[in-house]
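We count residues from 1, following the sequence as given.
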Amino acid sequence: MSSPRNPTFFYQYLGAHSFLIGLLPFFLPVYLWQHGLNLAGLALLIGASGFSFASVLFIWQSISRRWSTAQLVTVTFVVELLLVAIVGLFTTTPSAALFTRAGGVIDIDTTNLIIASAGIGIANGVYNAFFWTTQRTLFLQQLGSNDAGRQYGNFQIFVTIFLKLGILIGGLLLDTGGFVWLLALSAGTSFAATYFLGSRSPVAVLHDTRTISLRDSLSFTDKRGSRPVFMIDGLFLYLESHFWTLSLFLLVRQDYSRLGIAVVVLALVFAGMFLLIKNRIDQLDVERVYLVAVWLYAGSWLLRFTLNNESVGPSLLAALVVITFFSSFFRLAFNKRFFDIARRSGAVQYLLLKSYSSQAWLGVWFVSIGALLLFVSIPHET
């Protein structure tokens, strides 16, 4: 790593983006679902996002060598605002919207479905590439010799505070039809954060790191099983962040405010679990903890399949708490292992190898799923 630690800058940047993610990107699958995007469209959107992410990584590497960290951070706020604006273009502008309602019934043909999914997916991929790659690179710069678990736990607890605040406000604005206000709040937060952080980190993110390509990533192999992990990580990550979020939305009767409250309550479980184990995980056997976490994560998916619209009351809450605990524990163990390997294996190079492969395979998985779903009739209930 070429840049010195700058935890204050990192956490200020992280807080601003966590709040922005909570305002709309978190709600993206459920918001678009309510505007007519079906399961096929959602899968195609994720696939387009993956391909877009992988395509933009070369540009990110180029500018991150020549621009200061503050300039690169500014780009992440700009592309986040563009994502929100493009979502608004497709869903709220009568002359441009591709989702329409006739007599209360959603009407969207296949061509419009593909155009909307690709357009929003590409914008989402560009934003994800700039934000997540920058954030993970800056996080790598904060790590010491054996503190990835503790640092990641602290980082997730901090994220939870600002993310959930954004989710509560975003849910309220979406419930009241205040998309314009949501856009204005996103713009105001982005401009304020850009102004505040604009001169605080003149050092470039990368200097002598060699350029990593998609070909490098797809041909990469090691003795830690990185290749198969890279191939399937994005698949499960997006099943959880998009399709599971949509499932939660349906379980709370398609109410944004209820979804926001449910996510905040579950976040308390998430934060409590991290507080209990974040300072101990660095002293445990990494591979053994990771293996246990994988099995618990698999169990969380089996439990998800038992839930439906008839799941209510204490049994539903208990199931959601268990799912959150197992999923959170897996993400902590996964990231502890990942960042430990990264520190020993070229740091940013390993991060880029993972990002290229995960996102390219994400595109393959979800474009294939979306293409299959185009030919399968699944009712869209709103």
Side-chain angles (χ1 to χ4, degrees), residues 12-37 41-42 45-46 49 73-101 106 116-117 119-128 130-132 135 159-197 241-242 245-246 248-250 252-267 382:
Q12 289 168 343
Y13 169 65
L14 190 62
H17 263 293
S18 298
F19 178 72
L20 288 169
I21 289 171
L23 289 180
L24 182 66
F26 170 82
F27 290 104
L28 198 58
V30 299
Y31 182 71
L32 295 177
W33 173 267
Q34 281 216 318
H35 282 78
L37 195 69
L42 183 56
L45 184 152
I46 296 171
S49 178
V73 160
T74 298
V75 175
T76 67
F77 287 112
V78 171
V79 293
E80 195 279 339
L81 193 55
L82 286 175
L83 169 62
V84 177
I86 288 172
V87 171
L89 177 68
F90 283 139
T91 58
T92 63
T93 307
S95 60
L98 294 177
F99 306 116
T100 59
R101 291 177 182 269
I106 293 171
S117 300
I120 297 174
I122 289 170
N124 189 52
V126 172
Y127 169 61
N128 285 339
F130 274 93
F131 169 61
W132 289 107
Q135 182 238 75
V159 164
T160 297
I161 297 170
F162 289 91
L163 177 65
K164 302 322 174 190
L165 177 61
I167 287 173
L168 288 175
I169 296 175
L172 179 62
L173 290 174
L174 291 174
D175 258 339
T176 57
F179 188 90
V180 173
W181 289 106
L182 188 149
L183 177 60
L185 183 57
S186 296
T189 303
S190 296
F191 291 144
T194 298
Y195 176 79
F196 187 72
L197 297 172
S241 64
H242 283 60
T245 299
L246 178 57
L248 277 178
F249 185 61
L250 298 177
V252 298
R253 307 296 187 264
Q254 303 191 41
D255 185 294
Y256 290 108
S257 296
R258 287 181 183 176
L259 176 62
I261 293 171
V263 169
V264 169
V265 171
L266 294 175
T382 60

Could you tell me whether the side chain of F131 reaches within less than 4.5 Å of the side chain of I21, counting heavy atoms only?
-> yes
Please name all residues satisfying side chain to side chain contact (heavy atoms under 4.5 Å, CB included) with A85, sequence neighbours left out, ordered by chain then number.
-> none
Separation between CD1 (I167) and CZ (F26), nearest 0.5 Å, reads 4.0 Å
Minimal non-hydrogen separation, A16 against A193, with atom names = CB-CB, 3.8 Å
Do F19 and T189 come close enough that some side-chain heavy atom pair is under 4.5 Å?
-> yes
Could you go through residues 171-183 and list every donor-acceptor pair under 3.5 Å that involves a side-chain atom there, pairing it with any protein atom two or more places apart or in another chain?
{"from": "D175", "atom 1": "OD1", "to": "Y256", "atom 2": "N", "distance (Å)": "3.4"}
{"from": "D175", "atom 1": "OD2", "to": "S257", "atom 2": "N", "distance (Å)": "2.7"}
{"from": "D175", "atom 1": "OD2", "to": "S257", "atom 2": "OG", "distance (Å)": "2.5"}
{"from": "T176", "atom 1": "OG1", "to": "L172", "atom 2": "O", "distance (Å)": "3.0"}
{"from": "T176", "atom 1": "OG1", "to": "L173", "atom 2": "O", "distance (Å)": "3.1"}

Heavy atoms, side chains only, cut-off 4.5 Å: are Y31 and L37 in contact?
-> no
List the atom of G15, the atom of F162, and the distance in Å for their closest heavy-atom pair.
-> O-CB, 3.5 Å
Could you tell me which residues satisfy side-chain hydrogen bond (donor to acceptor under 3.5 Å, both in side chains) with T76, sequence neighbours excluded, listed by chain and number?
-> Y13, H17
I122 and S49, any side-chain heavy atoms less than 4.5 Å apart = no
When rounded to the nearest 0.5 angstrom, what is the spacing between CG in L23 and OG in S186?
-> 4.5 Å
Hey, are the side chains of V78 and S190 touching, using non-hydrogen atoms and a 4.5 Å cut-off?
-> no
Approximate separation, where rounding is to 0.5 Å, of L89 CG and L82 CG | 11.5 Å
NE2 of H242 to CD1 of I46: how many Å apart, nearest 0.5 Å?
-> 5.0 Å
Spatial distance of atom CD1 (I169) from atom CG (L185) [nearest 0.5 Å] | 6.0 Å
Side-chain touch E80/P25, heavy atoms, less than 4.5 angstrom | yes
Smallest heavy-atom separation, P29 atom then L42 atom, equals CB-CD1, 4.0 Å
For F27 and G22 the tightest heavy-atom approach is CE1-O, 3.3 Å
Nearest heavy-atom neighbours spanning G119 and I86 = O-CG2, 4.4 Å
Answer yes or no: is there a side-chain heavy-atom contact under 4.5 Å between V87 and L24?
-> yes
